[in-house]
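See below for the structure under consideration.
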Amino acid sequence: MITHRPRRNRKNQAIRQLVQENQVHVSDLIFPVFVNEGKNKKTEIASMPGIYRFSLDLLLKEIESCLKLGITTFAPFPNIAEKLKNKTASESWNKKNIYLRSIREIKKQFPEAVLMTDVAMDPYSSDGHDGLVKNNEIINDETLSILARMAVAQAEAGTDIVGPSDMMDGRVGFIRNQLDKAGYQQVSIMAYTAKYASAFYGPFRDALESAPKFGDKKTYQMNPANSKEALLEAELDSLEGADFLMVKPALSYLDIIQQLNENFSLPIAAYNVSGEYAMVKAAAQKNWIDGQKIRDEMLLSMKRAGAKIILTYFAKEWALDHKK
Ligand code: PBG
């Protein structure tokens, strides 16, 4: 006789939902968006079907339609003209740059929209690296002052959360300190805590035209083979005052999400990155997979692993498909 029949809890949709442990909510999602100069311009990113670089006027419309779908939080990234890039990324704190203008304008038109802005040199760096380059090396400590200057400029423009994505040592503490000194105690920090040196970022670098001009990012981003290092990074970011810990990419790093969630009290975010999006879209276009179902299963796996928040290019289409 079979006494234990787990199938009883799967026998119909209502019971399956009663026992369902995890669920994705629209309020869990952060939508990364790309902005560039111009007017009335919208360019699809070849390797990210359905994702565009918007001029600011169109980005505002995009944000408005996402807010109506219940998406509350956006992570803008800038595509900066090559001629404005230099060694020190000085365009990043130019008050008139497209990024800071966008932050000001979005917060002015939609004060309820939450912005998480990117703090790293690569969009503005003529070397295409996240830190200052000297003799082909990425210099840690001098990069920190640049990052802090960028973070304060974004805070001044009205951002809610800064997201240092550079993986320099000590940047969370340094940025926290400089934000506080400038009077921005209320601006949060979402630390890119465990950011791996990953091939999954390819399509994003297409979108920003920000690929490294030489070498790779392995002296600052983490080795995909390691997990203890993620715990160390999380410990440091927590001690330095981070408000959220992020794991990036998400899908190949679900074990890291789980470990951070089990070991730390801060909310964990997962970044479902560009390459993860591109793979689903490419296979779905060929009708090799059911793109919507794969998307939903992937996002659910991140929640099950322990992510409270998911940054995903799927945010808008997910919200459209799950509209109440
Ligand atoms: C760089 C940055 C990257 C992403 C966000 N910020 C790429 C990189 O480290 O080269 C990737 C996001 C994605 O792939 O979706 N500061």
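Read the numbers this way: they start at 1 and go in the same order the structure lists the ligands and their atoms. Both backbone and side-chain heavy atoms feed into the values below; hydrogens, waters and symmetry mates do not. Index from 1, following the sequence.
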Taking side-chain hydrogen bond (donor to acceptor under 3.5 Å, both in side chains) as the definition, give me every residue that meets it alongside Asp141, ordered by chain and number, with sequence neighbours left out.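 Residues passing side-chain hydrogen bond (donor to acceptor under 3.5 Å, both in side chains) with Asp141: none at all.
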
What protein heavy atom is closest to [atom], reported as residue, atom name and distance in Å?
{"atom": "atom 5 (C) of ligand 1", "result": "Lys248 NZ, 2.6 Å"}
{"atom": "atom 14 (O) of ligand 1", "result": "Ser274 OG, 2.7 Å"}
{"atom": "atom 15 (O) of ligand 1", "result": "Tyr313 OH, 2.6 Å"}
{"atom": "atom 8 (C) of ligand 1", "result": "Lys217 NZ, 3.3 Å"}
{"atom": "atom 1 (C) of ligand 1", "result": "Asp122 OD2, 2.9 Å"}
{"atom": "atom 2 (C) of ligand 1", "result": "Lys195 NZ, 3.2 Å"}

Do the numbers put [X] on top of the ring of [Y], so that NZ or CZ is under 6.0 Å from the six-membered ring centre and no more than 45° off the axis?
{"X": "Lys308", "Y": "Phe244", "result": "no"}
{"X": "Lys195", "Y": "Tyr201", "result": "yes"}
{"X": "Lys42", "Y": "Tyr52", "result": "yes"}

Qualifying residues under side chain to side chain contact (heavy atoms under 4.5 Å, CB included), relative to Ser92, sequence neighbours excluded: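 If we apply the side chain to side chain contact (heavy atoms under 4.5 Å, CB included) test to Ser92, skipping adjacent residues, the hits are Ala89, Tyr124, Met150.
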
Go through it in stages, so that I can follow the logic: the residues are Asp160 and Lys107, the test is salt bridge (Lys or Arg N to Asp or Glu O under 4.0 Å), and I'd like the CA-CA distance, side-chain angles, deciding distance and then a yes or no. CA-CA 9 Å; Asp160 301 277; Lys107 289 302 289 188; 2.8 Å; yes

Which ligand 1 atoms, with their elements, are less than 4.0 angstrom from a heavy-atom of Arg205?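 Under 4.0 Å from Arg205, ligand 1 has these atoms: 8 (C), 9 (O), 10 (O).
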
Using a strict 4.0 Å cut-off to heavy atoms of Tyr271, name the atoms of ligand 1 that fall inside it.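 Answer, ordered by atom number: 12 (C), 15 (O).
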
Proximity flag Gln221 to ligand 1, non-hydrogen atoms under 4.0 Å: yes

Single-linkage hydrophobic cluster, 4.5 Å side-chain cutoff, Ile309 and Leu266 together: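 Yes, one cluster joins them.
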
Considering only heavy atoms, does Asp130 approach ligand 1 within less than 4.0 Å through its side chain, its backbone, both, or neither?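 The answer is the side chain of Asp130.
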
Can you tell which part of Ala120 has a heavy atom less than 4.0 Å from ligand 1: side chain, backbone, both or neither? side chain

Take the angle between the ring planes of Phe34 and Phe77 and call it parallel below 30°, perpendicular above 60°, tilted in between. tilted

